[in-house]
Amino acid sequence: MKRWTPKAVATEAKLLLIGIPVLLWTLIPVYHMVLFAISSKDSATSGHLWPKNPTLDNFRIVFQQKHFYLDHFWLQLWNSLLIAVSVGALTLFVATTAAFAISRLRVRGGRTVMNLALFTYFIPAAFLAVPMYKTMGNYGLLNSQWALILAMVTIASPYCIWVLKQASDKLPYELDEAARMDGASPLQLFRLVYLPLMVPSLVAVGTYSLLLAWNEYLYAFLLLSNDKSVTLAVALGNFLSADDSPWELLMATGLIYALPPAAIYYAFKRYMVGGLTAGAVKS
């Protein structure tokens, strides 16, 4: 049984004083989102802490696309899913092969590539939006989902390469030497040795890049303009274009849009924590 000392009590009290405000700061926006989502249009802004007559009609309207802002709800949700999964898969391929080449094959110029990858994060992604728009225009990719996919892969890859490289450096190099002595080619080494040992980190960076693309707004707003090709994140902005915005529908749609990334995060939470910290301390 744990003995409570004055020092332990003081530590717990300090943690509670910090944790409770942070918890409230995090949950209050979610609470208001739920409050609006289950309220009717008339009672959504009444100021009550809980609606007198909670309703799920807003979700029915969203699912059945019975508002002109929601004409392409399912298509836009599919666009978000398709783009996010594509970004996750492509980023995983680029980062995995690059980290393997730099860390295990030890190609020349690997350190330079790593330094350049980290250097890219000295420039905020928002500053690159206009150059990215110009580049996609030059290649004729504007209003194509490939423009957003390639842009997000470009943004996510440097960090993912760095994480995987640091995690790969912790693997015993003797495994590579043993595999080479058995006649393994670099491709076999990659497939049979490297990938199985890197699963936690691979899941972590894949989930990171997928969620990054799912939540992206600025690049999706700039590079896509057709209602049938935009992501749901951009479509949600249309709700704010009118003076009398249907806030209850906006919050219901936003709540639906927030559920998949929350489910993905909690499904792979143990991989996220272990994978992203795998290269934090080099042994």
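Source: prediction; values computed, not measured. Note: hydrogens, waters and symmetry copies are ignored here, and every other heavy atom, side chains too, is used.
Across Ser39 and Glu248, no two heavy atoms sit closer than the pair O-CB, 3.7 Å.
Ring geometry for Tyr257 versus Trp214: interplanar angle under 30°, hence parallel rather than tilted (30 to 60°).
Here the side chains of Leu249 and Tyr69 are not in contact, with every heavy-atom distance at 4.5 Å or above. Using a 4.5 Å cut-off on side-chain heavy atoms (C-beta onward), Tyr194 and Leu189 make no contact. The shortest side-chain heavy-atom distance between Thr253 and Leu236 falls under the 4.5 Å cut-off. Contact annotation: the side chain of Tyr173 approaches that of Arg104 to within less than 4.5 Å [non-hydrogen atoms, C-beta and beyond].
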- Query: For Phe239 and Trp247, what are the C-alpha separation, side-chain angles and deciding distance, and is it a ring-ring contact (aromatic ring centres under 6.0 Å, His included)?
  - Reply: CA-CA 8 Å; Phe239 283 87; Trp247 289 98; 9.2 Å; no
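In the displayed structure, Asn53 atom CG is contacted under 6.0 Å by at most 12 heavy atoms of other residues, nucleotides or ligands. By the 6.0 Å contact criterion, CZ on Phe93 is open, its count of non-hydrogen atoms from other residues, nucleotides or ligands being 12 or less.
Taking CG of Leu224 as the start and OG of Ser144 as the end, the distance is 8.0 Å to the nearest 0.5 Å. Rounded to the nearest 0.5 Å, atoms CZ (Arg60) and OG1 (Thr55) are 8.0 Å apart.
Ring to ring, Tyr219 and Tyr133 are not that close: their centroids are 6.0 angstrom or more apart.
Criterion: ILVMFWY side-chain heavy atoms under 4.5 Å apart, direct or through other members. Under it, Leu259 and Leu81 are not part of a common hydrophobic cluster. Val199 and Val94 are not part of a single hydrophobic cluster, where members link through side-chain heavy atoms under 4.5 Å apart.
If you check the side chains of Asp169 and Ser103, you find a donor sitting under 3.5 Å from an acceptor.
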